[in-house]
Amino acid sequence: MIPIKSSEITPENVYLNRRTFMKGVGLAALGGLAVAACAPAATPIAEPAASTAGTAAPVATASTGATTDELGDPVNSYEQITNYNNFYEFTTDKEKVAGLAKDFPTRPWTVEVGGLVNNPGTFSIEDILSTFEREERVYRLRCVEGWSMVIPWLGFQLSKLLEKADPQSSAKYVRFETLMDPDKMPGERSSWFEWPYVEGLRIDEAMNPLALIATGLYGKELLPQNGAPLRLVVPWKYGFKSIKSIVKIDLVEEQPTSLWMAAAPNEYGFYANVNPEVQHPRWSQRTERRIGETKRRETLMFNGYGDEVAHLYDGMNLAAYY
Ligand SMILES: Nc1nc2c(c(=O)[nH]1)N[C@H]1C(S)=C(S)[C@@H](COP(=O)(O)O)O[C@H]1N2
Ligand SMILES: [Mo]
């Protein structure tokens, strides 16, 4: 097999379908709304800063002390996790998100839980933090672009929040929405995407014990670049499913359309399970570059969480439900 160089990884945003492309061009011509950083030019994936690259086994100082995941892979450093981010509400440049998101206000913050539930409600982040006991979960995060990290999250099971909301029997999916506020998130002025960022899970996926609402990492509260004050983490799916800075959670009957499904439906499906056998239309998913390492690794089916989640997809053709 020919190894793929990191310089050959294609960012998620390079190709957009014709409809979105035409819309983007039209709006750009009309009012200069397009953000230059979101133009569909090949934005190469930058290597992490020299100071953080190559850190072999970082010490998890402020966390419970876990230095590896359950496979023995070392956790990435706090430096790496907080300085190499995808968060298109700020910029498509992974190394500039941290700087641009630095002053993003995460208080006050409320999350509206509604739709097909018996106990709808609007909860402040303080309510959420005092209601749900948090634990550390060390998970691999595999971006669809072909890079990955190991992150010691602090959070609680999404199932706990859903149980409190008490879904009605007609609820089949969970739909999540990120804050829509272009003054605070300037990337939302880009007409390349249909904002706000939306993601979804089938209800049984959402109830799986691995699905986490993270409010911290390395034992500290989340920084804005990682999706403060709360974000989803679905470790067996490509990173884009793990929606950041959530303000709305709805139980719904129909399968939600995510931002990435709307942008490029032939490239990003609803399921987005990590799968080395199903290639992205523009690149293979067989290997990945772990941030901090030079040699590429084999990508694992369901990102290595098959024992916990494979049963959710029994009888499904995973090439069709990509
Ligand atoms: N709202 C929102 N959530 C998002 C994204 C985004 O652009 N906006 N990017 C996703 C992608 S592509 C990845 S790989 C992960 C990255 O999470 P991290 O920066 O905390 O490592 O966040 C996901 N969640
Ligand atoms: Mo990603």
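None of the values given here were measured: they were computed from a predicted structure. In what follows, every heavy atom counts, from backbone to side chain, and hydrogens, waters and symmetry copies are set aside. For ligands, and for the atoms within them, numbers begin at 1 and follow the listed sequence.
- Of all atoms in ligand 1, listed by their number and element, those nearer than 4.0 Å to a heavy atom of Ile243 are 3 (N), 24 (N).
- Connection of Tyr313 to Phe270 is established within a shared hydrophobic cluster, with ILVMFWY side chains joined at heavy-atom distances below 4.5 Å, either directly or through further cluster members.
- The NZ atom of Lys237 sits 10.0 Å away from the OG atom of Ser242 when rounded to the nearest 0.5 Å.
- Note that Lys220 lies in the cation-pi zone of Tyr78, set by a 6.0 Å cut-off to the ring centre and a 45° limit from the axis.
- Contacts between Leu141 and ligand 1 below 4.0 angstrom, taking non-hydrogen atoms only, involve the side chain exclusively.
- In terms of protein heavy-atom proximity, atom 7 (O) of ligand 1 is closest to Tyr88 N, 2.7 Å.
- Close approach to Thr178 involves these atoms of ligand 1, each under 4.0 Å from a residue heavy atom: 1 (N).
- Residue, atom and distance of the protein heavy atom nearest to atom 9 (N) of ligand 1 are Asn86 O, 3.2 Å.
- Side chains of Arg142 and Thr299: a donor on one and an acceptor on the other come within 3.5 Å.
- Looking at Glu253 and Ser170, their side chains never bring a donor and an acceptor atom within 3.5 Å of each other.
- Neither the backbone nor the side chain of Met149 comes within 4.0 Å of ligand 1, counting heavy atoms alone.
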For this session: Carefully, step by step, assess Gln255 and Arg175 under the rule side-chain hydrogen bond (donor to acceptor under 3.5 Å, both in side chains).
Result: CA-CA 8 Å; Gln255 181 178 287; Arg175 181 184 182 279; over 6 Å; no
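- Side-chain N or O atoms of Asn208 include one that pairs as donor or acceptor with a backbone N or O of Glu308 at under 3.5 Å.
- Protein heavy atom nearest atom 23 (C) of ligand 1, with residue, atom name and distance: Gly239 O, 3.2 Å.
- Within the 4.5 Å cutoff, the side chain of Leu259 has heavy atoms near those of the Trp195 side chain.
- Each of the atoms 12 (S) of ligand 1 lies under 4.0 Å from some heavy atom of Glu12.
- Distances below 4.0 Å separate heavy atoms of Asn85 from the following atoms of ligand 1: 18 (P), 19 (O).
- A cation-pi arrangement is absent between Arg231 and Phe176 under the rule of less than 6.0 angstrom and at most 45 degrees off the ring axis.
- Closest to atom 8 (N) of ligand 1, if we only count protein heavy atoms, is Glu89 OE1, 2.8 Å.
- Of all protein heavy atoms, the one lying nearest to atom 3 (N) of ligand 1 is Lys244 N, 3.1 Å.
- Using a 4.0 Å cut-off between heavy atoms, Tyr197 contacts ligand 1 through its side chain alone, with no backbone atom that close.
- Assignment of Ser242 to the shell around ligand 1 is supported, since a heavy atom sits closer than 4.0 Å.
- Here the side chain of Lys241 pairs no donor or acceptor atom with the backbone of Ala272 at under 3.5 angstrom.
- Under a 4.0 Å heavy-atom criterion, Arg231 is in contact with ligand 1.
- Every atom of ligand 1 is numbered from 1 in the order shown, and the set under 4.0 Å from a heavy atom of Cys143 is 14 (S).
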